[in-house]
Amino acid sequence: MLQKKGSEMASVVEMTSATMTTELTPVQHDIIKAAAAAPSPDNNQPWKFVCQEDSIQVFFDKTRKLESDVDYMFDMTGIGGAVENAIIAASHHDLVAEPVWLGNVEKPDLKLPVVELKLTSGGSPDPLNSVVEERCTCRKPYSKQPLETAILDSLEAAAVGRFPQAQIDWITDPRAKQRFGNVVAAMDSVRFRIPECHRELYKQLRFSRNEVEQTRDGLDVRTLELPPGVATMLKGLRSWEAMQAVHRLRLTPLLTIPSKVAVQKSAAIAVVSISTASIESYMHGGRAIERLWLAATALDLSMHPLGSPAIFLPQAKERPQFRSLIERSQQETFELLPRLGNRTMQLAFRVGRSKPPTARSLRREVSEVLGCPK
Ligand SMILES: Cc1cc2nc3c(=O)[nH]c(=O)nc-3n(C[C@H](O)[C@H](O)[C@H](O)COP(=O)(O)O)c2cc1C
């Protein structure tokens, strides 16, 4: 299928390491580049790919996993996005990429793929291909102008249409958005008070251009669109002792207010949930999320994930010191989202029209994401 022939003879040579050379055909290169353009939590890019003649194996690179993740939900969301992008890109080369879930996530042997994409010829080009590279997170303020129902319906159809286990609930009423903003701020404040999350945040933050370009992963502080002074303050809070002092002085709202305000400065909040809490479902939910995001991009809409509610709302028992805050936030969330019921919230987003982001997150080169995880 992907054998090099004709014009493809000029294969792209990718050096995966000093000792390993993998030759990719231009088609394979194109598919992997699209897969690696997927969003991931804190831009951790938790994936690796091995291309074979008629298949592409997708690995979960556990060495890049985030400590704060629960049951691999966010990492699998990223993997799902990469899988969906690969399927979309393959369709532009007259290939159907059929994903087979292999589920090797918790196995100690990292050299087993989580998903295999079986490639056969046929199918038709997916129009979302044109926005795979364009899609990005935009954390700027959005217009509060409501989005037409037809737009919300088309976004929902793009995501849920193919993944019936996924559901999107919208929050559009200004007062309800304000209440959800309080939930986000409360869950962000939990995140800022947990030492492991603090460590993880500073592992992922990139304060200088040099760091951004050298690592090509993590959170470029310029993409966070922070109000003046907050980036400098964040830099000064690298040590846990300094962060604890902020909490003791009751200055935590300085860190949580930006996302609370951002929630209000959006046209709508989309909450994506999934019917079954399993690692495989999270991967499919990640595929649905990627289609939602690409469909929004195609309509010139911006999106900004709000990760804290999905991670911390289910942790009332595990985090006794925050139990009452989490339980109050849970109550508020169920009132705002009555359809959520027993479903698992996978990720919430701000959605709306905005100016383009100040900066875009980089990705590691294709050569760096080839091969089995070490
Ligand atoms: C599962 C998941 C959770 C995320 N959570 C947050 C979040 O809580 N806050 C935020 O600002 N961005 C969040 N993001 C956005 C990522 O930081 C972003 O996708 C990544 O930095 C790559 O940038 P890009 O989307 O512009 O390509 C999340 C993304 C994913 C896939």
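Both ligands and their constituent atoms are indexed starting at 1 by order of listing.
The pair Arg222-Asp220 meets the salt-bridge criterion, with a side-chain N (NZ, NE, NH1 or NH2) lying under 4.0 Å from an Asp/Glu carboxylate O. Using a 4.0 Å cut-off between charged side-chain N and carboxylate O, Arg209 and Glu213 make no salt bridge.
Protein heavy atom nearest atom 23 (O) of ligand 1, with residue, atom name and distance: Ser361 OG, 3.3 Å. In terms of protein heavy-atom proximity, atom 21 (O) of ligand 1 is closest to Asn43 CB, 3.3 Å. In this structure, atom 2 (C) of ligand 1 lies nearest to the protein heavy atom Leu347 CD2, 3.8 Å. Among protein heavy atoms, the minimum distance from atom 29 (C) of ligand 1 is reached at Ser40 O, 3.7 Å. For atom 19 (O) of ligand 1, the nearest non-hydrogen atom of the protein is Pro39 CB, 3.3 Å. Atom 14 (N) of ligand 1 has its closest protein heavy atom at Pro305 CG, 3.4 Å. The protein heavy-atom contact nearest to atom 8 (O) of ligand 1 is Gly307 N, 2.7 Å.
Taking 4.0 Å as the cut-off, Gln346 does not count as a neighbour of ligand 1 on heavy-atom distance.
Tyr72 and Phe60 have perpendicular rings, their planes meeting at more than 60° on a 0 to 90° scale where under 30° would count as parallel.
Listed by atom number, the atoms of ligand 1 under 4.0 Å from Leu219 heavy atoms are 17 (O), 21 (O). Numbered from 1 in the order shown, with element, the atoms of ligand 1 that lie under 4.0 Å from a heavy atom of Arg135 read 24 (P), 25 (O), 27 (O). In summary, the atoms of ligand 1 found under 4.0 Å from a heavy atom of His304, numbered by their order in the structure, are 10 (C), 11 (O).
Using a 4.5 Å heavy-atom threshold, the side chains of Glu290 and Arg135 count as touching. Within the 4.5 Å cutoff, the side chain of Met187 has heavy atoms near those of the Ile326 side chain. Between Arg193 and Gln321, every side-chain heavy-atom pair lies at or beyond the 4.5 Å cut-off.
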Practice item. Under the salt bridge (charged side-chain N to carboxylate O under 4.0 Å, His left out) rule, what do Glu225 and Lys140 come out as? Steps first, then yes or no, please. Key: CA-CA 6 Å; Glu225 315 280 0; Lys140 279 214 146 86; 3.6 Å; yes
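With Arg139, Arg360, Gln204 as candidates, the residue nearest to atom 17 (O) of ligand 1 on a non-hydrogen basis is Arg139.
Among Glu365, Glu211, Glu368, the one residue that satisfies the salt bridge (Lys or Arg N to Asp or Glu O under 4.0 Å) test with Arg216 is Glu365.
Under the rule for a salt bridge (charged side-chain N to carboxylate O under 4.0 Å, His left out), Lys235 has no partner lying at least two apart in sequence or in another chain.
The hydrophobic cluster around Val212 extends to Leu362, counting ILVMFWY residues whose side-chain heavy atoms fall within less than 4.5 Å of a member.
The distance criterion of under 3.5 Å between nitrogen or oxygen atoms is met by Thr137 with respect to ligand 1. At least one N or O atom of Arg363, backbone or side chain, sits closer than 3.5 Å to an N or O atom of ligand 1. Geometrically, ligand 1 and Gly78 share no nitrogen or oxygen pair separated by less than 3.5 Å. Residue Trp293 has no N or O atom closer than 3.5 Å to an N or O atom of ligand 1. In terms of N/O distances under 3.5 Å, ligand 1 is not approached by Pro41.
Cluster membership for Trp170 and Val271, using ILVMFWY side-chain heavy atoms within less than 4.5 angstrom, is shared.
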